[in-house]
2 protein chains.
Amino acid sequence: MADEMNGVWETCSSASVKRASRRLGQLYEDVLKPTGLRGTQFTLLAQIGMAEAPSLRQLAAALVMDLSALGHTLKPLTRDGLVSLVADASDKRVKRVILTPDGRARLAEAQRHWAVAQRRFEQVLGPDEAKALRQVLAEVSSPDFAARFAAAGREGGEPPAK
Amino acid sequence: MADEMNGVWETCSSASVKRASRRLGQLYEDVLKPTGLRGTQFTLLAQIGMAEAPSLRQLAAALVMDLSALGHTLKPLTRDGLVSLVADASDKRVKRVILTPDGRARLAEAQRHWAVAQRRFEQVLGPDEAKALRQVLAEVSSPDFAARFAAAGREGGEPPAK
DNA sequence: AGTAATTTGTGGTATATGCCACTATCTAAG
DNA sequence: CTTAGATAGTGGCATATACCACAAATTACT
């Protein structure tokens, strides 16, 4: 049994990415710890700050996150007064997310810590490797990749799984 | 604010990996859906099958997962009778995880579905790119990388974060 | 032997994430 | 205008994941 499974273990791209995600999450969060922000929360604040009042759906798409997952993840941040939700004027369905003054301050502080982690990462992996990695990951994360993946299933003469 | 944050958004390696992890998780789990297994559960079963009765700690290390997180994640699988925990004979602290017959059957079935997803992935990204990606991710996930990351923080003349 | 330090797991608590069902709102078809 | 269909979010439930404190067992030191 060991031999046959070896292939799965070594080649599963999803598992590879998940492992790396856990490792990097631990490494980065350790550095972010003094700020009291989790890695995901930092990313969330940064994206909200960059996008300027994005709707929940826009934010979810940018983060490649399920809409409801985003809603849940936002809860602790609104509870702690770092972000707030405001209703859109023209479309009453839409809610936009904005940083509170506290949120901006916390983000600015966290960014200094994040830079430390990022610098270490680049130093250890090498700047070129790091850049190449981000590019490939960006491609994999893109909607276009998902579309091509789905298309490969529909069109490609795939042998049935079962 | 938008400009300054752009750097964070684009260059954060941890965020890049997390985004890709979410995307690939969705893509692979969609294919795995008929088996009733989540992506993590499939990986877990595959690793248990490959390692032959690993201890919880060994399994957690292989998956780059927190020990307690592994314990929690294993709960649904033990509940559904796919794996079981057996006490080690020589060291009473140690518990080993084994696949039940049901677990082996489910793993074998899931592996057929997984192969479909994996084939699509390789086809869309390209075999060479896919292989290179896994190699870099394996390096990032390794204990050695974590050690060098920590060392860069201790030894490297790093400017203070705050 | 006896005690301190280490190692292995467990359980609690909190965040992260996804799917589904449901509500509210908007848009388009007639 | 009215109604059918699409779109944006919410809330419930389940899994994923981490950290901490704690218990049990083992090892190391004296």
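What you see is a predicted model; the values in this text were computed from it and never measured. Just so it is clear: chains get the letters A, B, ... in the order the sequence lines come, proteins before strands, and each one is counted from 1.
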Relative to the 5' end of DNA chain D, which residue comes earlier, A:Ser68 or A:Lys18, by the nucleotide with the nearest heavy atom? A:Ser68
Looking at every strand, decide which applies to A:Arg96 at a 4.0 Å heavy-atom threshold: base, sugar-phosphate, or nothing. nothing
Of the candidate nucleotides C:dG18, C:dA16, C:dG9, which contains the atom at the shortest distance from the side chain of A:Met65? C:dG18
With sugar-phosphate meaning primed atoms plus P, OP1 and OP2, does A:Ser21 contact a base, only sugar-phosphate, or nothing at under 4.0 Å between heavy atoms? nothing
Taking for each residue the nucleotide of DNA chain D bearing the nearest heavy atom, is the 5' side occupied by A:Ser55 or by B:Gly39? A:Ser55
For B:Phe121 and A:Phe149, the nearest pair of non-hydrogen atoms, with its separation, is N-CE1, 3.7 Å
Is the phosphate of D:dA18 approached by A:Gln26 (side-chain N or O, under 4.0 Å from OP1 or OP2)? yes
Does the base of C:dT8 carry an N or O that pairs as donor and acceptor with the side chain of B:Arg93 under 3.5 Å? no
OP1 or OP2 of C:dT15 under 4.0 Å from side-chain N/O of A:Arg38: no
Looking at D:dA25, D:dG11, C:dG11, which one has an atom nearest to any side-chain atom of B:Lys92? D:dA25
Are the charged groups of B:Arg106 and B:Asp102 less than 4.0 angstrom apart, N to O? no
At less than 4.0 Å, is any side-chain N or O atom of A:Lys33 found next to OP1 or OP2 of D:dC20? Yes or no. yes
Looking only at side-chain atoms of A:Asp66, point me to the closest of C:dT10, C:dT15, C:dC19. C:dC19
Of A:Asp91 and A:Pro76, whose nearest nucleotide on DNA chain C comes first from the 5' end? A:Pro76
Which heavy atom of B:Leu44 sits nearest a heavy atom of B:Leu74, and at what distance? CD2-CD1, 3.6 Å
Candidate nucleotides D:dG9, C:dA16, C:dT10, ranked by approach to the side chain of B:Leu56 - the nearest: C:dT10
Quick one: is B:Arg57 getting a side-chain N or O under 4.0 Å of the C:dT7 phosphate, OP1 or OP2? no
Would you say a side-chain N or O of B:Thr40 is under 4.0 Å from OP1 or OP2 of D:dT17? yes
Does A:Arg22 put a side-chain nitrogen or oxygen below 4.0 Å from OP1 or OP2 of D:dA16? no
Which heavy atom in B:Pro143 sits nearest to a heavy atom in A:Arg23, and how many Å separate them? N-NH2, 3.5 Å
With nearest nucleotide decided by heavy atoms, which residue, A:Asp80 or A:Leu67, maps closer to the 5′ end of DNA chain C? A:Asp80
